[in-house]
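The basis for the numbers below is simple: all heavy atoms, side chains too, and nothing from hydrogens, waters or symmetry mates. The chain is numbered in sequence order, starting from 1.
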Amino acid sequence: MVTYRSPREWELMREAGRVVARILAEGREAAVPGVVTAELDALAGRILKECGATSPFLHYKPVWAPFPYPANICVSVNEVVVHGIPGRRVLEDGDLVTIDAGAKLGGYCGDAAVSFVVGTQDAASTRLVETTRRALENAIAAAVPGNRMGDVASAVERTARDAGYGIADGSGGHGIGTEMHEDPPVPNTGRAGRGMPLREGLTIAIEPLVTESGRDETWQMPDGWAVATVDGSRAVHFEHTVAVTGDGPVVLTAP
């Protein structure tokens, strides 16, 4: 069931979104060569505590998961598309990293992700990151009353495919509000003009997951959570929580 949120609820989600934005900003700054990914999770935990928020990721257990998620954030490196568990992995110069973070504050959630290169950047990494960021921006621009979910999905797919990239199989975003994952699903592939009509008050997490090789296939890694590209190619993930309003889309997880 899709729940439509009021302007007051958007404000409450915006407060949670500011916590998420801080986690992503400080996590990105801390992610330098030699840092262990668990340190980024500890940093997120400190920020959540300081803000009086909790992580909707920690202890989350969907039906397909072998055990509850054990961390505050996801840290996915290089070929890991999504759901990378922070641990003992040491970040190296040139690694392509995604931090995916959530916060629950005052009963409402925010969810966002950012990808970036650790240390030395190169042209291929920059192009992949910027294309995926643009896919998110184009999808957000399509999230207006009167459009359909297919317009959002098509914006992601068209941006990635036109650049020669793939889109992780079955990937997409979700509704969000008092829970991190709510209806409706927000696919990353689809046809413009098709799907659920977008109405004012809809709050969704839009999240392109783009693969560098152009292949869409992924596989479940042995830990039961992380998903990686089948060919070992790199992947990028951006995400924002967005409210559909009569004045246009409003990003609720902006700094």
Side-chain angles (χ1 to χ4, degrees), residues 1-28 40-65 67-75 82-83 85-86 98-114 136 139-140 143-145 149 152 172-187 196-207 225 237-255:
M1 183 179 70
V2 177
T3 301
Y4 295 90
R5 306 290 174 183
S6 67
R8 172 58 180 156
E9 289 177 294
W10 301 340
E11 285 302 314
L12 292 170
M13 293 179 69
R14 183 74 182 93
E15 292 302 311
R18 288 190 178 95
V19 179
V20 175
R22 180 180 167 191
I23 291 171
L24 296 182
E26 295 191 22
R28 179 173 185 169
L40 303 179
D41 185 66
L43 172 63
R46 291 194 295 272
I47 293 170
L48 288 162
K49 184 176 181 180
E50 181 179 324
C51 296
T54 58
S55 169
F57 293 14
L58 185 62
H59 307 313
Y60 176 64
K61 189 183 183 303
V63 294
W64 50 263
F67 54 86
Y69 191 74
N72 295 296
I73 58 174
C74 300
V75 183
V82 70
H83 301 158
I85 300 174
T98 298
I99 300 177
D100 187 358
K104 190 167 189 177
L105 180 66
Y108 287 83
C109 296
D111 186 9
V114 64
L136 175 60
I140 291 172
V144 295
M149 194 64 77
V152 175
H174 48 88
I176 183 170
T178 54
E179 299 296 332
M180 178 173 61
H181 289 148
E182 298 182 352
D183 288 332
V186 183
M196 186 188 99
L198 304 184
R199 286 174 41 196
E200 183 169 11
L202 183 68
T203 49
I204 51 177
I206 304 173
E207 47 181 319
W225 274 97
H237 173 198
F238 277 90
E239 178 182 14
H240 268 310
T241 297
V242 178
V244 176
T245 84
D247 296 322
V250 175
V251 176
L252 301 177
T253 42

- If you measure from CD1 on I206 to CZ on F238, what distance do you get to the nearest 0.5 Å? 14.5 Å
- Query: Heavy atoms, side chains only, cut-off 4.5 Å: are E239 and L136 in contact?
  - Reply: no
- Item | side chain to side chain contact (heavy atoms under 4.5 Å, CB included) assessment of V2 paired with R199 | CA-CA 11 Å; V2 177; R199 286 174 41 196; over 6 Å; no
- Sequence neighbours left out, what passes ring-ring contact (aromatic ring centres under 6.0 Å, His included) with H174? Give chain and number order. H181
- Task: Find the distance between CD (E182) and OG1 (T3) and round it off to the nearest 0.5 Å.
- Result: 5.5 Å
- Item | Worked check of side chain to side chain contact (heavy atoms under 4.5 Å, CB included) between I73 and L40 | CA-CA 8 Å; I73 58 174; L40 303 179; 4.2 Å; yes
- Write down the atom of V20, the atom of D111, and the distance for their closest heavy-atom approach. CG2-N, 4.2 Å
- E9 side-chain N/O to S6 backbone N/O, donor-acceptor pair under 3.5 Å: yes
- Note on the structure: To the nearest 0.5 Å, atom CG of L12 lies from atom OG1 of T178 at 11.0 Å
- Message: Using modelled atom types and a 3.5 Å cut-off, is there a donor and acceptor pairing between side-chain atoms of T203 and backbone atoms of I176?
- Response: yes
- Query: Under 4.0 Å between a Lys/Arg side-chain N and an Asp/Glu carboxylate O for R14 and E11?
  - Reply: no
- Query: Are the side chains of L202 and P184 in touch, meaning some heavy atoms are under 4.5 Å apart?
  - Reply: yes
- Task: Would you check if M180 and F57 make a side-chain contact, meaning some heavy-atom pair closer than 4.5 Å?
- Result: yes
- Taking all non-hydrogen atoms of both residues into account, name the closest pair between R28 and I99 and its distance. N-CD1, 3.9 Å
- Can you sort out the partners of Y4 under ring-ring contact (aromatic ring centres under 6.0 Å, His included), two or more places apart, ordered by chain and number? none
- According to the side-chain hydrogen bond (donor to acceptor under 3.5 Å, both in side chains) rule, which pairs have a member within residues 45-59, sequence neighbours left out? R22-E50
- Item | Intermediate values then yes/no, side chain to side chain contact (heavy atoms under 4.5 Å, CB included), L58 and Y69 | CA-CA 6 Å; L58 185 62; Y69 191 74; 6.0 Å; no
- What one should report as the nearest heavy-atom pair of A143 and L198 is CA-CD1, 3.8 Å
- Query: Less than 4.5 Å apart, any side-chain heavy atom of V82 and any of C74?
  - Reply: no
- Task: For side chain to side chain contact (heavy atoms under 4.5 Å, CB included), just list the numbers for K104 and E179, CA-CA rounded to whole Å, side-chain angles, deciding distance to a tenth of an Å, and then say yes or no.
- Result: CA-CA 8 Å; K104 190 167 189 177; E179 299 296 332; 3.8 Å; yes
- If you look at every heavy atom in W10 and V244, which pair is closest and at what distance? CZ2-O, 4.0 Å
- Query: Which value, rounded to the nearest 0.5 Å, describes the distance between L252 atom CG and R5 atom CZ?
  - Reply: 11.5 Å
- Minimum-distance pair of heavy atoms, taken over all atoms of C109 and M13: O-CE, 3.6 Å
- Message: Give me the atom names and distance for the closest heavy-atom approach of L43 to E26.
- Response: CD2-O, 3.5 Å
- Message: Has T253 got a side-chain atom pairing as donor or acceptor with T241's backbone, closer than 3.5 angstrom?
- Response: yes
